[in-house]
Student: 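Dropping the structure in here first, questions after.
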Amino acid sequence: MSLVDQQNAIGVFDSGVGGISTLRTLTRMLPHEDFIFYGDSANAPYGEKSASRVYDLTRAAVDHLREHHVKAVVIACNTATSAAKPELMKLYTDLPFLGIEPATKQAVDSGKKNILVMATPLTLSLDKFHQQEERFGSSANIYPLPCPRLAELIEKGPAGLPEIRSYLKGLLSSARKSWKQPLDAAVLGCTHYPFISDIIAEQLGSSVELFTGYEGLGRNLKRQLANHGLLRAAGSSHGASHTQSVEFMSSKNTADELALYRRLFEYGFSD
Ligand code: DGL
């Protein structure tokens, strides 16, 4: 079997559990594909590290996935995409290589005018986001909201919920003062945040639509696989119908951590 084979799995990577929220959408949108998820929970959070440290960690994680012969890599981490993807794409030209970025464009394209962008401090300090501000700032008011510590709290899973609630209440009530107009959209620019979208929605109110960009990422992944001749067709496994496999790996390689990954994949933060 060649290293890049249509039958191989798609590798999905995040600093920790966040990318599992992305994985849930990707596995639904590409039901004939197998997936390997790798979370670097031993090193999470990335969002308060330097860009060069995040680059090194991301490169090591991508190498780890490549050792498992993935046919495509999805960086399901806004922070790692912003800090590492442009450079890594130059190194890995042999397979589809995708990353997630804050879904500001999707919010603007759907006519939103007052957009909160919640993300890690590192994501909001890097060029990718500054380019978004430049590109969309004339069509909408863009309010960046760095959320230090939030990904770290979400790493604890549902056990962190009481702390997450009070953290968000404090953060949003002080941020509110800087919004010139009432918000109509919030971009969840960190893949950890969709796990707590109910709490964010509760705090922001029902008139604020939340954006993740996951469907766009899924469509792009499908397109790139097809362009490389790597899209797996229904029933392509020796003619038999194929049951999707989803494998989990973590740098925090404990039974508890892997059980948390599987639980979040199956149920999210709900009981
Ligand atoms: N889930 C990651 C993101 O999308 C980062 C969280 C972190 O490790 O700080 O930005």
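Just follow the structure's listing: the first ligand is 1, and inside any ligand the first atom is 1. Computation of the quantities below employed the complete heavy-atom set of this structure, encompassing side-chain atoms and omitting hydrogens, waters and symmetry-equivalent molecules.
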Student: Between N8 and H68, do the side chains contain an N or O donor and an N or O acceptor separated by less than 3.5 Å?
Tutor: no
Student: Just need the protein heavy atom nearest to atom 7 (C) of ligand 1, so name the residue and atom and give the distance.
Tutor: Y46 N, 3.2 Å
Student: Parallel, tilted or perpendicular: which fits the ring planes of F248 and Y261, with parallel below 30° and perpendicular above 60°?
Tutor: perpendicular
Student: Could you walk me through whether S21 and T191 pass side-chain hydrogen bond (donor to acceptor under 3.5 Å, both in side chains), step by step?
Tutor: CA-CA 7 Å; S21 69; T191 55; 5.2 Å; no
Student: Is N78 in polar range of ligand 1, meaning some N or O pair under 3.5 Å apart?
Tutor: yes
Student: What's the verdict on side-chain hydrogen bond (donor to acceptor under 3.5 Å, both in side chains) for E155 and S41, showing C-alpha distance, side-chain angles and the deciding distance?
Tutor: CA-CA 8 Å; E155 277 293 299; S41 289; 3.0 Å; yes
Student: Closer than 4.0 Å to some heavy atom of C190 - which atoms of ligand 1 meet that?
Tutor: 1 (N), 2 (C), 3 (C), 4 (O), 5 (C), 6 (C), 10 (O)
Student: Can you name the atoms of ligand 1, numbered from 1 with element, that are less than 4.0 Å from a heavy atom of D14?
Tutor: 1 (N), 2 (C)
Student: Should S15 be counted as touching ligand 1, given the test is an N or O pair under 3.5 Å?
Tutor: yes
Student: Specify the protein heavy atom at minimum distance from atom 10 (O) of ligand 1: its residue, its atom name, and the distance to 0.1 Å.
Tutor: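 Minimum-distance protein heavy atom for atom 10 (O) of ligand 1 reads T79 OG1, 2.6 Å.
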Student: Under a plain distance cut-off of 3.5 Å, with no hydrogens placed, do E257 and S250 share a side-chain donor-acceptor pair?
Tutor: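 On atom types as modelled, these side chains do not qualify, holding no pair under 3.5 Å.
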Student: Closest non-hydrogen protein atom to atom 9 (O) of ligand 1, residue and atom name please, with distance?
Tutor: G47 N, 2.8 Å
Student: So does Q244 have more than 12 non-hydrogen atoms from other groups sitting under 6.0 Å from CD?
Tutor: yes
Student: Checking contacts here: is it the side chain or the backbone of A151 that comes within 4.0 Å of ligand 1, counting heavy atoms only? Could be both or neither.
Tutor: side chain
Student: Please check if any side-chain donor atom of T123 sits under 3.5 Å from a side-chain acceptor atom of N78, or the reverse.
Tutor: no
Student: Among all protein heavy atoms in this structure, tell me which lies nearest to atom 1 (N) of ligand 1, with the distance rounded to 0.1 Å.
Tutor: H192 ND1, 2.7 Å
Student: Does C77 come within less than 4.0 angstrom of ligand 1, counting non-hydrogen atoms of the residue?
Tutor: yes
